[in-house]
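Read the numbers this way: they start at 1 and go in the same order the structure lists the ligands and their atoms.
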Amino acid sequence: MEHLVLATVPIINSCNLSCPWCAAHLSSQPIFNTRHILAALAKIEHPIHGIALTGGEPFTSLRILDVKRELEHAGHRVFAITNGTLHDQIWEFVTGDTLDVAMSVHNPALFPEWVVAKKYELLAECRKRGLKIMAGLFSVDSAEDIQLACEYILNNRDVFQTSTISTVYRSDQPGMKMEDLLEMVSLSLGVEAEIVFQSPGKTVLMVDGYAIVLRRAPTIEEYTPEYDIPGCLFMAWDGNFYPVAYAQYYNEEVLA
Ligand code: SF4
């Protein structure tokens, strides 16, 4: 099976929401210009399938369309990872018949009602326009999070091309094991799921032809540079791309 390697770039460190767990508000991560991003991308040995613009909330950035244009001009496919609430900006970003955004959903019970409603409104508008969101993203840290993520996926998989359930990175305690995540997801789905790829950090399930990717953040002791490959790279505070867990460790050290 083909694994997508995505390079994630923060383009702003503010957001229109203020989730209490969000690191974007606690930090002032450096934001790099397009020239620097392209230079950092050139150092990556793996073929890059796409560049994900993130933040904070990337749609609060006034330069998002310029960044997109400049990266596309350099031959890259560009999409955004959004909280799904700034619809005018999202529709401005859409250029073709695909919706080049991934939407973070997480556990809807942790968000104010208006935020949950906005995300549902976006899904409804996508259905109306016949578009699919590239991915639904669910960070999970408990059995309840997993249960609600699975319900959301089963109810809305018609409008997400794929969904990803990722364990929350916790530096203070060992994270959930992949086998436990897999067991809880399988139980919560309550439907037959075929495992089509399995590694300590990533498992891919197929439910009636629909792919659900499970990701597990390693602890620092378990971490190896290959842990997240194939997968997601993240631009760390030194301006280089690393597998996402390593970038988190790196940034944490810089913050300490
Ligand atoms: S929506 Fe995302 S970026 Fe915005 S505050 Fe919440 S976690 Fe942070």
Quick one: which ligand 1 atoms are inside 4.0 Å of a heavy atom on [X]?
| X | value |
| --- | --- |
| Cys15 | 1 (S), 3 (S), 4 (Fe), 5 (S) |
| Asn83 | 1 (S) |
| Leu17 | 1 (S), 5 (S) |

Quiz item: Under the criterion side-chain contact (heavy atoms from CB on, under 4.5 Å), which of Thr164, Val185, Ile195 is the partner of Leu214?
Solution: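 Going through the options one by one, the only one that passes is Val185.
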Practice problem: Measure Cys19 to ligand 1 on non-hydrogen atoms and call it side chain, backbone, both or neither using the 4.0 Å cut-off. | Solution: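 The answer is both, backbone and side chain.
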Quiz: residues 119-127 side-chain donor-acceptor pairs under 3.5 angstrom, not counting sequence neighbours:
| from | atom 1 | to | atom 2 | distance (Å) |
| --- | --- | --- | --- | --- |
| Lys119 | NZ | Asn83 | O | 3.0 |
| Lys119 | NZ | Ser104 | O | 2.6 |
| Glu125 | OE2 | Arg129 | NE | 2.8 |
| Glu125 | OE2 | Arg129 | NH2 | 3.4 |
| Arg127 | NE | Asp158 | OD2 | 2.7 |
| Arg127 | NH2 | Asn156 | OD1 | 3.1 |
| Arg127 | NH2 | Asp158 | OD1 | 3.0 |

Quiz prompt | Passing candidate, side chain to side chain donor-acceptor pair (under 3.5 Å) with Glu57, options Thr85, Asn16, Thr82 | solution =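 Testing Glu57 for a side chain to side chain donor-acceptor pair (under 3.5 Å) against Thr85, Asn16, Thr82 leaves exactly one candidate, Thr82.
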Self-check item: SB check Lys177 Asp180 (cutoff 4.0 Å)
Solution: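 Looking at Asp180 together with Lys177, the answer is no, because their closest N to O distance does not fall below 4.0 Å.
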Self-check item: Within-shell test, Gly56 vs ligand 1, heavy atom, strictly < 4.0 Å
Solution: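 Yes.
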Exercise. Find out whether the Lys NZ or Arg CZ of Lys68 is both under 6.0 angstrom from the six-membered ring centre of Phe93 and within 45° of the ring's axis.
Key: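 Yes, a cation-pi geometry holds between Lys68 and Phe93.
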